[in-house]
Structures are given as structure tokens and as C-alpha cells.
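Data first, discussion second: the structure below is written as C-alpha cells.
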Amino acid sequence: MPINRVAVTRLLPIVAAALLSGASTLSARASEKPSAPTLIHEAEQSARVDPESGRRQAESALDLLRRDPNPDLEIRARLVLCDYYSERDRAAAEEQIAAATALLPLTSRPGLKAGVLDCQGETLQTVGENDQARDLYAQAAVIATQAHDDQMLAQVLFSSGYLRGLRGEYATGLSELRRAQTLFEQQQMPQHALSALDSIAIIYNRMGDYPEAAHLYQRALDAQTKAGLKREQAVTLHNLGRAHENMQEWDAARGEFAASLDLSRQLDYVRGQAYALRGLASVANAQGNPNSAMTLLDRATAEQKRTPDTRLLAQIQLARGIALHQLKRLKESAAALEQALAVFRQADSVGELAPTYDELAAVDADLGDWRSAFEYRTLAQSTATRLLRNQLDQRFATLKVEFDTAAREQENVLLTRENEANQKALSQQQRASNLRTAVVVLTVLLLAMLVWLAVHQRRTTLRLRELAMTDELTGVPNRRSVLGLLAQLLRRSATATSILIMDVDHFKSINDRHGHLIGDETLRAITANLREAVAEPAVFGRLGGEEFAVVLPDTELDQAITMAERLRERVLRIDLSRWLGERRVTVSIGVATSVPARDSISVMLRRADAALYAAKDAGRNCVRTQVNPEDQATPRVA
């Protein structure tokens, strides 16, 4: 059939209009497509809400950056992907680390190197290589500090604080996490600040303060629920379940683990599912249902195989060993427990070593292997004691600043209660004589509480006094302690007393070049080495900064010089290449010996300082002594 030209002519404007309309629609849609910076920002936020969505957004940003490269943005995108893969696929995480590392020479933001090291540390931490992870976090903190990149520093402190809590360094871990939380809040990153709060609760849980941990978990969970942070909710629900598990509140623990499992399934969060299933299995074990526990653990193992988390595998094997023990499958139980033990030993996870040793002791006892049972029981007791001592020491170190206020408040509460009780007793005495016995009992109870408080406060005072005589950084006696001992010896001893004052040469350049964190590590390493070389009754301590002292009772000048030379050579041999590379650390030492019944502290210090300055003037890394007859004749200063 021939074409009607009139119809075609009439259709042309309609077709043209349709084409123009379609073109404008496509143009509008293209203009609505998010930019790479927007996608990366959304990916960083989504990581705590829906990790899969965050991964897709980061990959979309990389697609855009292939056409319009930007090293800073690409590194940020790859850090999001590294965080995602670090708990799922080690090889994929390392691929992102390698790609980000290759871009670092091109970046305009030096602090991003700290982010790359941080993610590398997280990847190693996931597979249980905690020592390497710790070193990477330390390097990253120095880099972020030098770059004045508070966002990267907050992330590094967050990772490092969590690892310190895992290794039992609770006080330091809490300090780093609280600082990270503050930095996140200053950087307007409330979601990350909530994650820091959750990790703070984890440390309280590991310190044995389960009620406080549960309280903090609930605070974090309420805020995360309000903000829609589903992935973080799943993590916090699991952690809250662990707190209830530690308090043996099994029904509450089961509810939290089940809620975490349900949310992890919704997000396809494999690691979260495996941890929640392990928690449910532990509840089943505690309630005497090992068959149910085994079923749950089989499911947890299947999920764990999709993540490189070796510590999770060890926790699953610990629960499996307990279930198999209850089922009387003793050899299988021992094998599972040994597998868990190897991982916990490598990670030095004291909190999990103790129950593993204990369970192995019980299994070996049932197998009739009494020698192994005794050895494991001994290990369990010593580990539990070490854990308890560390928990107490760390909790004390954490709370010592707040203790005085808390003690005063507690004392006021007790005094108020005592006053109220006395008034009530007087009132009831007037009303009825038959209540006098109750008043006496109440008074006795109150007096017992006050006695307990007095004893407790005395112990605390003694502990505070000990801390006041100890250098906080290195753990050796501080200036007050060293000089106090020297004063006693000068007053009481009829024989010569010597003092060595040593100064780390060019220490300021270490702080300037490597940062104060590396400077602190250097001082700790020197202290640990010299403390081994100074035996009682001699005392080694820190006077302040990079200056140390050794007090040598009943020691003549030539013996003191010999000791000083030995210590100088010992410092020269210390290996600090981990932090300082090829650089060797040296010390200059000044030696002074007292004239019995004549010298005072000021004279001794003045003479030793003069000798130290002589050593500095002589080119450092040497020992000098200076005997001044006028100083020897100086009368004692009271």
C-alpha cells in the first residue's frame, strides 16, 4: 500500500516532539546520577546500616573514577571496600589494600596512608595476627597525628583501642576509645561515635563489669535503632547477649542472640549470623541441651567458612568441645578444644584461655589422663588468676581519677542513711519499745558498713600511695621514690652511697622525627632492658623526661663507675629498629659517691648533674664522675 504523504507530514511534528521529550528525560536522568564524592560519602554511611549497599555504592564510585581519576577519592572508596572484605574475604581485602597503597604517592591527603595501614591491621586482626596489627596501628597513629588528620586518627584509635581490650590492656584501650569517640563527635560522625561507645562497653564486659557493659550496650542500641544503623544493631545485640551470658542470664542472652541472628540474616551479614549462632549454642550448652547446641554450631561453622575470622572459629570450637563433652564424646571434645586453644594462645586471649583450659582439664579427667588434667587445671587457675589480677589492676587504673569523688559520694550516702536510721530509731523508740531490737540491729549493720568502707578506703589509699611513687609511663619508681630512698640512705648509712644519673642522648630528635608515641615506646624499651640489669638492693627509676637514675647502696666510686659502664653498653645493644630503623640509642651517665655522714641530696645531685654535663661535653655516650672537695664539705641540709 502506498504511503500517504499528508499523514506522514502530520506525524513528523508529533514524532519530533516525542524524540525531544525522550531526549530531555534522558538528560534529566543523567543529571540526577550521583557523583563519585556523593557515592563515597553514602558508602561510608551505609557501611553501618547496610554493608551490601555500601559495597555497591563504593564500586559505583570506582566506575566513575575510572573515567575521571582522583587518587584521594579512589583511596576512600577502596577503604570502604577493604572494611567490607576484611571480615569476609581476606584476599579481596588485600587486593583493595594493594590498590590503595599504589595510589598513596599521588594523594594530596597524607593522612589517608594511616587509613590504609588501619585497614591492613584490621585484616590481620581478623585472622588472629594481633602483634602485626598492633604495630600497624601504632604506625598509623603516628602518621595521622603528624598529618593532623583527626578523622583518620579517630579511626586508628578506634581499631587500636578495640585490640588493646582484646589483649587485656583495658585502661589504655578505654583511653584510646574515649578519645576516638570524642574525635568522631568533633568530626560530626555520630554513627562512628556510637561504634566507639559499643567498643567501650566491650572493654567493660572484658573487665568483668557486666552490668555497666550491659548499660552501655543498651544506650548504644537505643541510639542505633533510632538512627536505623541495622548492621551496628546486629553487632550490639550480640554483644549485649554476651554480657547477659557472662551474668548467666540465659533467657535474656537467648533473646539478644536470636534478635542479632534475625537482623544479620536480613542484611546477609555472614559474620554476624555465625557469632549469633555461637551465642545460641552456648546458651543451649549452659541449659543442658548439647544436641541443640551441636545443630546450631554446625550452622555457625557453615557461615564461618565464608569469613576469615579465626577467633570466631575458635569460639565455635570451644562451644563444640563443651557440647561434645556433655554428650560423652570425649576424644572429639578434646580435639575441638585443642583447636580452639591454639588460636586463643596465638591471640593471647586470656579471657577465653581460662575456660578452655578448664574444659580440657575436665575432659582429660573423664578420659583418665590425670597428668594432663592436672596440668590443664593448673593452667586454668593461673590464667584465671592472671585475668582477675589484670582486671582489677586495669579497672583501678581506669577509675583512680574518679575514685575520690565516688568515695565521697558513697560516704555521704552512708552518713545520710545513718542519720535517717538514727532519727527513725528515736522516733520509733518513742512510739513503741518493742522496736528497740530492730534499731540496734540496724545500727550494727550500719557500723559494719562503715568499718568495711574504712578498710576499703585504707586499702585504696595504700594503692594510691604506691601509684604516686611509680612512673606512669614506664612502671618504675619515679623521682619522688628514688630521691626518698637516697635521703634515707644518706641519713642512716655509715658507708658510701653512689648515684648514677643517665640521660638519653638526642632524645628530642626522636620525638621530633618519629612522634611522641614512638618516643614513649623507646623509653619503655630502655626501661625494661635496664630494669633487668639493676638488682636489689640497687634501685632504678625515672627522674622525668628522658632522664633516669640508679641508687647504689654500699657502693664505692670505682664500683659505681663499673656499673655505669655496663649499663651504658647495655643501652647501646638495645634493638629499636622496629621504630627507629638503623639508629642506635645511647646514654650519657654522671656518677657521684657520697661522703658518709656529710653529703646531702642536693650535694649528691649537684655533683652527679655536673658529671652528667661533663659526659655530654665529652661527646655523649660516655661515663664521667666529678668529685668536688667543697661539695664534700657542704654541711647537711635538713
Within-4.5 Å side-chain heavy-atom neighbours: [X] and [Y]:
{"X": "V116", "Y": "L104", "value": "yes"}
{"X": "E245", "Y": "R254", "value": "no"}
{"X": "R90", "Y": "Y85", "value": "no"}

- Query: What residues form a ring-ring contact (aromatic ring centres under 6.0 Å, His included) with H244, not counting sequence neighbours?
  - Reply: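 None.
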- Message: Under a 3.5 Å cutoff, is there a donor and acceptor pairing between the side chains of S282 and N285?
- Response: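 No, N285 and S282 have no side-chain donor paired with an acceptor closer than 3.5 Å.
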- Message: Under a 3.5 Å threshold, yes or no: a donor from one side chain and an acceptor from the other, between T236 and Q224?
- Response: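 Side-chain D/A pair, T236 to Q224: present.
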- Short side-chain to backbone donor-acceptor contact, T301 and L297, under 3.5 Å: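 Answer holds: yes.
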- Using atom types as modelled and distance alone, determine if a side-chain donor or acceptor of T307 lies under 3.5 Å from a backbone N or O of E303.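 Between the backbone of E303 and the side chain of T307 there is no qualifying donor-acceptor contact (under 3.5 Å).
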- F540 six-ring centre to R531 NZ/CZ under 6.0 Å and within 45° of normal: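 The answer is no; the distance or angle limit is not met.
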- Could you tell me whether R164 sits above the aromatic face of Y162, with NZ or CZ closer than 6.0 angstrom to the six-membered ring centre and within 45 degrees of the axis?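 R164 over Y162 ring: no.
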- Query: Do E532 and R570 meet the salt-bridge criterion of a basic N to acidic O distance under 4.0 Å?
  - Reply: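 A salt bridge links R570 with E532.
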- For the rings on H192 and F158, is their centre-to-centre separation under 6.0 Å?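 Centroid separation for H192 and F158: 6.0 Å or greater.
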- Item | Candidate pair D512 and K508, rule salt bridge (Lys or Arg N to Asp or Glu O under 4.0 Å), full reasoning | CA-CA 6 Å; D512 292 342; K508 183 177 183 298; 2.8 Å; yes
